[in-house]
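Keep in mind that the numbers below use all heavy atoms, side chains included, and drop hydrogens, waters and symmetry copies. Everything quoted here is computed from the prediction, not taken from an experiment.
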Amino acid sequence: MKTIFSGKSMMKIICLLFSVGILLYVGSPLTVHASGRESNLTGTTDERTNINNPGEAQTPEELKELNIANTVSLTYNDGNGQLNGSLRILLTLTIIALAPSLIIMLTSFTRIIIVLHFARAALNTQTAPPNQVLIGLALFLTFFIMQPTLTQVYEEAVVPFEAGELDQSEALEVGIQPFRDFMYGQTQAKDVRLFMEISKTEWQGDLAGIPTSVLVPSFIISELRTAFIIGFLIYIPFIVIDMVVASTLMSMGMMMLPPTTISMPFKILLFVLADGWNLIIGSLVKTFY
């Protein structure tokens, strides 16, 4: 007798055999140990993270060796203590993450970048120079202007702190003082009084009586005001050119032609002949001295 299996019957048989094999595999216990190992943990006894079982430590030294992974610890005893290396790295990375905000808010960067954008808008060149160039130029000018302040912070705070002469709080207090001196020299008194009145704090008119939380927003407002004043002065000659071109086109009956399209080449020509970048950047940097 000859039996013929159809395609569906063959598929059912194959699926049944496959299911039986999986059940047999799962049901049988299987334990695999690496050769030369005491258990199924990876690494040798000396190399593993956990070299002892929890609860076996009898002394502080044994407790310290219970876990040999990278740790972050803070030792503090009656006001005496310091951060270990891992925590210092963590704080350093946090400061780096906040560095853009600190650069924008506590330095000359705000005034410089706003004035440069005003200059580009007055020229009506849209994206020339591009934002990357303006930001890069503002960063290098900021570094140039803030170099004496940064040098003072490094010499008076960073070096003594690394030498162990200052603790963390003292180094922070000494390091912020040069920035306070810089911001105070660029901040107008009425802005300081505004935030002192909001915080209901008495002010004797000196830097020592201004908290840093008040000095920073006062400095930012003063920087914005100064930047807009400089931007207005930059706009004046270019507005004159726009008015002359618009009047000329109207007198010629060419009212459908945008005046900005005709005036832009004359603006660029005037800017180049007057060496505009030298005047703007030179005058801008001198406002901080």
Kindly list each side-chain donor-acceptor pair under 3.5 angstrom involving residues 107-116, sequence neighbours excluded, with atom names and distances?
unit_1 : atom_1 : unit_2 : atom_2 : d
T107   : OG1    : I103   : O      : 2.2
T107   : OG1    : F109   : N      : 3.4
T110   : OG1    : I104   : O      : 2.5
R111   : NE     : E223   : OE1    : 3.3
R111   : NE     : E223   : OE2    : 3.4
R111   : NH1    : T287   : OG1    : 2.9
R111   : NH2    : Q186   : OE1    : 3.1
R111   : NH2    : E223   : OE2    : 2.5

Strictly distance-based, threshold 3.5 Å: is any side-chain N or O of [X] a donor or acceptor partner for the main-chain N or O of [Y]?
{"X": "T149", "Y": "F179", "value": "no"}
{"X": "R120", "Y": "P129", "value": "yes"}
{"X": "T125", "Y": "A128", "value": "yes"}
{"X": "S283", "Y": "I280", "value": "no"}
{"X": "S199", "Y": "M196", "value": "yes"}

Is there a side-chain contact between [X] and [Y] in this structure, where contact means two heavy atoms from C-beta onward sitting under 4.5 Å apart?
{"X": "H117", "Y": "N131", "result": "yes"}
{"X": "M105", "Y": "M183", "result": "no"}
{"X": "Q147", "Y": "T151", "result": "yes"}

query = Under 4.5 Å between side-chain heavy atoms, hopping through other hydrophobics if needed: is there a path connecting L134 to L123?
reply = yes

query = What about L249 and M264, same hydrophobic cluster or not, with Ile/Leu/Val/Met/Phe/Trp/Tyr joined at side-chain heavy-atom distances under 4.5 Å?
reply = no

key: side chain to side chain contact (heavy atoms under 4.5 Å, CB included) evaluation trace for L207 with Q177   = CA-CA 10 Å; L207 175 60; Q177 190 59 40; 3.8 Å; yes

request  = I would like to know whether S247 and M250 meet side chain to side chain contact (heavy atoms under 4.5 Å, CB included); could you show each step before the answer?
outcome  = CA-CA 5 Å; S247 301; M250 186 174 296; 5.8 Å; no

request  = Taking ring pair (Phe, Tyr, Trp, His ring centres under 6.0 Å) as the test, write out the residues that go with W277, two or more places apart.
outcome  = F271

request  = Apply ring pair (Phe, Tyr, Trp, His ring centres under 6.0 Å) to F228 and list each qualifying residue two or more places apart in sequence or on a separate chain.
outcome  = F118

query = From E155 CD over to Q152 CD, what is the distance, rounded to the nearest 0.5 angstrom?
reply = 8.0 Å

Solution key, residues 208-221 side-chain donor-acceptor pairs under 3.5 Å, sequence neighbours excluded:
unit_1 : atom_1 : unit_2 : atom_2 : d
T212   : OG1    : R180   : NH1    : 3.0
S218   : OG     : D191   : O      : 3.3
S218   : OG     : V214   : O      : 2.7

For residues 229-243, which side-chain donor-acceptor pairs fall under 3.5 Å, sequence neighbours excluded?
unit_1 : atom_1 : unit_2 : atom_2 : d
D242   : OD1    : S263   : OG     : 2.8
D242   : OD1    : K267   : NZ     : 3.1
D242   : OD2    : K267   : NZ     : 2.9

request  = With sequence neighbours excluded, give me every ring-ring contact (aromatic ring centres under 6.0 Å, His included) pair touching residues 121-142.
outcome  = none

key: Other residues, nucleotides, ligands: >12 heavy atoms within 6.0 Å of Q188 CD   = yes

key: Minimum heavy-atom distance E170-E165, with the two atoms named   = OE1-O, 4.2 Å

query = Does the side chain to side chain contact (heavy atoms under 4.5 Å, CB included) test come out yes or no for F143 and L150, once each step is laid out?
reply = CA-CA 9 Å; F143 177 76; L150 297 176; 4.3 Å; yes

